[in-house]
Amino acid sequence: MSADRQIHLNLFLRPQGDSSGAWRHPSSRIDRLLDPAYPIELARRAEEACFDALFLADGLALGQDSENARLLWVHEPLTLLSAIAARTSHIGLVTTLSTTYTEPFNAARLLAGLDRVSGGRAGWNIVTGAHKEAAANFGAAPFPEHDARYERAAEFVDVVQKLWDGWPADAFVPDPVSGTLVDVDRIRPADHVGPHFSVRGPAVGPGPAGGRPLLLQAGTSPRGIDFGGRYADAVFTGMTGVDEAAGQAARIRDAAVRNGRTRDAVTVLPVLSPYLGRTRAEARENQDGVDALRDPATVYRFMWEFFGVDVSGIGIDEVVEQSRLPEPSQVAGLRSRYAGIRDLVGRRPTTLRRIGSWLDGTDHTVVGTPDDVVELMVRYVEAGAADGFTVIPPYYEEQFDLFVAEVIPRLQDRGLFRRCYTETDLRTRFGAR
């Protein structure tokens with residue numbers, strides 16, 4: 001890998017850690033989970049390490065078994081990222097916002113606001129919604145079917161972009177002498193009428209600072225890949241084997257070409273959760289320590305919340321027969337991830353305990369020394385499987401500190417990662433066009 005090729009690093013900001021039991025680790029500052037000053041503090045430390053961006057996931061339902069829920073969605077992300085914007089200068093700010101449970105006009109205004117207050121640092125993780133229980137929080141309508149959600153999402157993004165484009169920055173022309181504040185001739189209504197939305201517009205204020213926020217997406221089903229190829233500047237993928245990940249990245253880039261874009265228009269960002277140690281044995285001990293804190297019974301909740309699949313009739317250590325799991329086409333939630341589980345069950349004897357471990361973060365876990373992790377990252381990039389990584393520390397704060405202190409300097413020494421920011425605009429940083 002040539003030293004002139006820089007990789008991207010996003011920080012998946014989840015102070016609870018990646019695994020469902022990680023919050024119980026002695027290193028965890030779970031006592032500060034509800035304190036908004038804590039994620040702001042972590043964001044400032046990430047900026048000192050020159051991460052490209054922060055990423056905040058979001059969900060719209062507490063889920064089953066609420067007594068033991070991990071409180072994954074403590075802070076509404078747009079609100080928290082606006083607070084972080086005031087305390088940082090360069091790091092990107094990526095928020096999750098659903099196209100199923102909001103409206104394009106609201107989304108366009110909120111995202112443009114975050115982009116403007118941050119000086120062009122906003123990113124939008126476009127999600128269609130994956131948890132069936134969210135539907136009950138938004139009225140009586142059933143959870144939409146997989147393809148229907150993507151059809152709505154495509155129209156949703158089209159409308160949002162029309163609203164952003166309809167209020168250009170040069171429409172604001174304050175001239176006290178003439179009394180002209182806004183050149184209304186430059187403002188265009190969206191005038192959109194489609195299957196899902198009717199939006200006249202225009203927006204009620206200027207569009208985003210940089211034209212539009214960085215657009216990100218995570219779906220890797222065939223429909224999700226096509227959506228990402230059409231709209232996304234960056235796509236989150238899984239940390240599968242190098243060859244499989246390279247194939248997935250190639251499909252994403254092929255989708256970009258099919259949609260009239262270049263192959264390098266989409267940045268591929270596998271999610272990486274590294275368990276680090278001074279030796280491989282120590283790294284494995286760190287992982288084993290967190291695994292011991294996991295409640296294996298959470299697999300029942302995961303299977304229902306992620307996929308809408310009830311496996312309550314299967315014992316935790318019972319080998320799962322593939323015939324007892326529905327086809328991926330029958331699943332309304334995270335279809336591509338579910339397909340991976342069903343394929344795993346079909347290839348070798350697999351228990352629900354093993355599925356629970358896989359769902360609880362081990363599908364993107366790497367265990368080893370800092371040198372091991374750097375070599376793996378380089379291997380993925382050289383194979384065309386990644387342009388960078390979205391790093392989610394398996395637990396805070398120890399593993400976050402180790403990554404910053406040991407992995408990033410090794411990447412910098414090899415010329416693969418910045419030592420300082422050279423731009424503040426997030427789209428420019430990702431080369432988005």
Side-chain angles (χ1 to χ4, degrees), residues 7-20 22-23 25 27-30 33 38-59 70-78 80-81 84 88 91-97 121-127 130 214-220 232-240 245 267-276 290 306 334 337 359-366 373 376-377 380 386-404 407-408 417 426 429-430:
I7 69 170
H8 297 282
L9 289 179
N10 293 338
L11 178 66
F12 194 139
L13 187 60
R14 180 181 285 170
Q16 305 93 318
D18 190 30
S19 165
S20 61
W23 66 270
H25 192 275
S27 169
S28 171
R29 294 303 313 276
I30 199 65
L33 181 62
Y38 186 49
I40 292 172
E41 189 179 297
L42 293 173
R44 288 169 62 85
R45 287 157 61 181
E47 184 169 76
E48 290 173 1
C50 293
F51 276 88
D52 287 69
L54 300 171
F55 166 54
L56 264 64
D58 193 31
R70 282 194 284 161
L71 292 178
L72 292 178
W73 328 120
V74 176
H75 300 289
E76 192 283 314
L78 277 157
L80 178 58
L81 288 174
I84 291 173
T88 56
I91 197 164
L93 308 167
V94 179
T95 182
T96 297
L97 196 150
R121 292 187 281 143
W124 175 19
N125 176 39
I126 305 167
V127 299
L214 192 77
L215 302 183
L216 303 94
Q217 192 258 350
T220 51
D233 302 307
V235 172
F236 301 121
T237 61
M239 199 72 181
T240 53
T267 300
V268 179
L269 300 168
V271 177
L272 171 67
S273 183
Y275 283 88
L276 294 164
V290 172
F306 293 167
L334 297 165
R337 200 171 190 197
L359 282 173
D360 206 13
T362 60
D363 58 327
H364 49 254
T365 291
V366 176
V373 172
L376 181 72
M377 295 167 78
Y380 268 70
D387 300 300
F389 302 86
T390 295
V391 180
I392 176 166
Y395 55 90
Y396 281 84
E397 294 186 359
E398 178 187 282
Q399 290 294 316
F400 172 57
D401 292 341
L402 279 171
F403 189 88
V404 168
V407 175
I408 287 181
F417 191 65
L426 189 59
R429 189 172 302 154
F430 275 84

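Computed from a predicted model, the values in this text were never measured in an experiment. The first residue in the sequence is number 1, and the count goes up from there.
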Take W23 and Y396, measure what side chain to side chain contact (heavy atoms under 4.5 Å, CB included) needs, and give me the verdict at the end.
CA-CA 8 Å; W23 66 270; Y396 281 84; over 6 Å; no

*asked:* Check whether E47 reaches the backbone of I91 with its side chain - one donor and one acceptor, N or O, closer than 3.5 Å.
replied: yes

Okay, side chain of D387, backbone of V268: is any donor-acceptor separation there less than 3.5 Å?
-> yes

Rounding to 0.5 Å, atoms CD (E41) and CD1 (I84) come to a distance of 11.5 Å

Of all heavy-atom pairs linking A53 and L426, the shortest is CB-CD1, 4.2 Å

Rounded to the nearest 0.5 angstrom, the OG1-CG distance for T365 and D18 is 6.0 Å

CD of E397 to OG of S28, rounded to nearest 0.5 Å, is 8.5 Å

Heavy-atom nearest pair, Y38 first then P15, reads CE2-CB, 3.8 Å

Value for CD1 (I408) from CD (E48), rounded to nearest 0.5 Å, stands at 11.5 Å

In short, L81 meets L93 closest at the heavy-atom pair O-CD1, 3.8 Å

Self-check item: L56 side chain reached by H75 side chain, heavy atoms, under 4.5 Å
Solution: no

Should F430 and L269 count as side-chain neighbours, where that means a heavy-atom distance under 4.5 Å? yes

Would you confirm whether S273, through its side chain, and I392, through its main-chain N or O, come within 3.5 Å as a donor-acceptor pair? yes

Flag side-chain contact, heavy atom, 4.5 Å: V391 against L9
yes

**Item:** Ring geometry between F12 and F55 (parallel below 30°, tilted from 30 to 60°, perpendicular above 60°)
**Value:** perpendicular

Exercise. Using a 4.5 Å cut-off on heavy atoms from C-beta on, say whether the side chain of L11 contacts that of P393.
Key: yes

So L42 and L13, do their side chains get closer than 4.5 Å, heavy atoms only? yes

Across all chains, not counting sequence neighbours, the side chain to side chain donor-acceptor pair (under 3.5 Å) partners of T267 are none

Here the gap from L215 atom CG to I126 atom CD1, rounded to the nearest 0.5 Å, amounts to 4.5 Å

Heavy-atom nearest pair, T88 first then R121, reads OG1-NH1, 2.9 Å

Between P274 and P394 the two heavy atoms that sit nearest each other are O-CD, 3.3 Å

Interatomic distance, NE2@H25 vs OG@S19, rounded to 0.5 Å, equals 10.5 Å

With sequence neighbours left out, the residues meeting salt bridge (Lys or Arg N to Asp or Glu O under 4.0 Å) with D401 are R45

Check your understanding: Heavy atoms, side chains only, cut-off 4.5 Å: are Y380 and L272 in contact?
Key -> no

Scanning both residues in full, the closest heavy-atom pair of R429 with D52 reads NH1-O, 2.7 Å

